[in-house]
Amino acid sequence: MAPKTTSESEREVWGRSKTLTRPNKRSSWKIAKDLPTSFLYAAKGIGYAFSTQRNFRIHVGFALGAFGLSFFLGLNQTDLAIMALTATSVLIVELLNTAIESVVDLAIGKRFHPLAQIAKDCSAGAVLLASISSVLIAVLLLLPPLLKQLGI
């Protein structure tokens, strides 16, 4: 039996992260033996999204900017909690979008399939809706204190 070779796209994905193991070692089937290991796997997922997904980095930047402005304007705890929930929801949906796109790419490779397009488009649409909602909530929470601060 010939040794298993990886495709160009697999080599590209595995080359992005030095912490990931080679695909034929079947590390995806490993089960975390303890809670710290589970957190490590989760951190690797967040790190992967941050290092490879431009939109994830953009969402993180906007969230940090919104929180900086929130603290500067002295938003109350309830408003900060709402901001945290909405910003986090966008990041969660972006992580799920990345996971869905990765699984679809794994399943179909470089071929086109209309169902793959639907899965990718719907997950991207979910991110778009979460982002629009988050911006709307940020505007509703930040605009009144900002206008007050500017004397308008």
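Please read all numbers here as calculations on a predicted model, not as lab measurements. Worth knowing before you read on, the calculation uses all heavy atoms, side chains too, and leaves out hydrogens, waters and symmetry mates. In what follows, residues are counted from 1 in the order of the sequence shown.
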Practice problem: Spell out, yes or no, whether Ile46 and Tyr48 are grouped together once hydrophobic residues are joined by side-chain heavy atoms under 4.5 Å, including indirect joins. | Solution: no
Quiz item: With no hydrogens and no angle check, is any side-chain donor or acceptor of Ser89 less than 3.5 Å from a backbone partner on Thr86?
Solution: yes
Quiz prompt | The single option from Asn97, Val103, Thr98 passing side chain to side chain contact (heavy atoms under 4.5 Å, CB included) against Glu101 | solution = Asn97
Quiz prompt | Which atom of Ser70 lies closest to which atom of Met83, heavy atoms considered | solution = OG-CE, 3.4 Å
Quiz prompt | pair His113-Val104: side-chain heavy atoms closer than 4.5 Å | solution = no
Quiz item: Any chain of hydrophobic side-chain contacts (each under 4.5 Å) joining Val139 to Leu73?
Solution: yes
Exercise. Let me see the working for Asp34 and Thr37 under side-chain hydrogen bond (donor to acceptor under 3.5 Å, both in side chains), right down to the final yes or no.
Key: CA-CA 6 Å; Asp34 53 22; Thr37 305; 2.4 Å; yes
Self-check item: Residue pair Phe67 / Ala87: nearest heavy atoms and the distance that separates them
Solution: CE1-CB, 4.1 Å
Quiz item: Are Ile137 and Leu147 joined in one hydrophobic group, where the rule is that I, L, V, M, F, W and Y side chains link up if heavy atoms are under 4.5 Å apart?
Solution: yes
Quiz item: Within a radius of less than 6.0 Å around CZ of Phe62, do more than 12 heavy atoms belonging to other residues, nucleotides or ligands occur?
Solution: no
Exercise. Quick one: closest heavy-atom pair of Leu95 and Ala49, and the distance?
Key: CD2-CB, 3.4 Å
Exercise. Using modelled atom types only, decide if a donor and an acceptor are shared between the side chain of Thr88 and the backbone of Leu85 within a distance under 3.5 Å.
Key: no
Quiz prompt | Within-4.5 Å side-chain heavy-atom neighbours: Ser133 and Leu129 | solution = no
Self-check item: Exam field: side chain Ser123 to backbone Ala119, donor-acceptor pair closer than 3.5 Å
Solution: yes
Self-check item: Electrostatic pair Lys110:Asp105 at N-O distance under 4.0 angstrom
Solution: no
